[in-house]
Amino acid sequence: MLKKLIERRDAINATLAEINAQAAAVLEQLTEVEESIKIEIAGPVAEARRLAAKDTGTVDVLVQGVMVKHCVDKRVVWDQEKLAALRARIAEYGDEPDAYMRSKTTYSVPEKDYKFFPEPVRAIFAEAREIKAGTPKITFDLEWRG
């Protein structure tokens, strides 16, 4: 009985190795196709972003009869050294730094709060704020009828 179980286990492992090899080949093909899609839409998407003056957000563009929705999230990154200096400046002026930022191991300023800071305060914080584009999310409408 034990010998048969071991033989069965070995057969299953052999089948699994074949499946893993096939899956790796299919994933490689998928990666190649996705890269080709990115190349096909890169020019029209870049032009749509340029015309809309949008590095982030959503643009819709018709490419070869397919409506492409290209979404890039905005990520705000805060310079920790500059925020630490700002925290000290705020405290020097007698204000409470925690009213403007959170401190744990790193400083952060919630974007929803930053938007409502008075303009002079927002200008001070702007030097520590950097906006980066997130990973694009792309959807396609193959049935688009414009």
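Index from 1, following the sequence.
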A.B. asks: What do you reckon, are the aromatic ring centroids of Phe117 and Phe125 less than 6.0 Å apart?
C.D. replies: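 Judged by ring-centre distance (under 6.0 Å), Phe117 and Phe125 do meet the cut-off.
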
A.B. asks: Between Pro44 and Val61, which heavy-atom pair has the shortest distance, and what is it?
C.D. replies: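 In terms of heavy atoms, the two residues are closest at O-CG2, 3.9 Å.
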
A.B. asks: Side-chain donor-acceptor pairs under 3.5 Å in residues 23-43, sequence neighbours left out?
C.D. replies:
from: Thr31; atom 1: OG1; to: Leu27; atom 2: O; distance (Å): 3.0
from: Ser36; atom 1: OG; to: Glu32; atom 2: O; distance (Å): 3.1
from: Glu40; atom 1: OE1; to: Gln64; atom 2: NE2; distance (Å): 2.7

A.B. asks: Nearest 0.5 Å please: distance from the CG atom of Asn13 over to the CD atom of Glu18.
C.D. replies: 11.5 Å

A.B. asks: Is it true that Lys4 and Glu7 have a side-chain N and a carboxylate O under 4.0 angstrom from each other?
C.D. replies: no

A.B. asks: Same cluster or not: Val59 versus Leu62, using hydrophobic residues (I, L, V, M, F, W, Y) connected whenever any side-chain heavy atoms lie under 4.5 Å apart?
C.D. replies: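 Result: no, two separate clusters.
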
A.B. asks: For the residue pair Arg122 and Lys115, what are the closest heavy atoms and their distance?
C.D. replies: NH1-O, 2.8 Å

A.B. asks: Give every donor-acceptor pair under 3.5 Å between a side-chain atom in residues 69-78 and any protein atom, sequence neighbours left out.
C.D. replies:
from: His70; atom 1: ND1; to: Arg49; atom 2: NE; distance (Å): 3.4
from: His70; atom 1: ND1; to: Arg49; atom 2: NH2; distance (Å): 3.2
from: Asp73; atom 1: OD2; to: Lys137; atom 2: NZ; distance (Å): 2.6
from: Trp78; atom 1: NE1; to: Val109; atom 2: O; distance (Å): 3.3

A.B. asks: How long is the straight-line distance from OG1 of Thr56 back to NZ of Lys132, given to the nearest 0.5 Å?
C.D. replies: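 Output value for this atom pair is 14.5 Å.
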
A.B. asks: Indicate if Leu142 and Val68 have the same hydrophobic cluster label, given that clusters are the connected sets of ILVMFWY residues with side-chain heavy-atom separations under 4.5 angstrom.
C.D. replies: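 Yes.
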
A.B. asks: Are any of the side-chain nitrogens in Glu130 or Lys82 under 4.0 Å away from the carboxylate oxygens of its partner?
C.D. replies: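 No, Glu130 and Lys82 are not salt-bridged.
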
A.B. asks: So, taking the atom named CG in Asp10 and the one named OG1 in Thr15, what distance separates them when rounded to the nearest 0.5 Å?
C.D. replies: 11.0 Å

A.B. asks: Flag yes if more than 12 heavy atoms outside Glu81 fall under 6.0 Å of its CD atom; otherwise flag no.
C.D. replies: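 No, because the 6.0 Å sphere around CD of Glu81 holds 12 heavy atoms or fewer from other groups.
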
A.B. asks: What do you reckon, is CG of Asp55 surrounded by more than 12 foreign heavy atoms closer than 6.0 Å?
C.D. replies: no

A.B. asks: Might you point out which heavy atoms bring Tyr107 and Gln80 nearest each other, and give the distance in Å?
C.D. replies: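 Here Tyr107 and Gln80 meet closest at N-OE1, 2.5 Å.
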
A.B. asks: Check the pair Ile90 / Arg87 against side chain to side chain contact (heavy atoms under 4.5 Å, CB included), numbers first and verdict last.
C.D. replies: CA-CA 5 Å; Ile90 290 169; Arg87 187 173 183 78; 5.8 Å; no

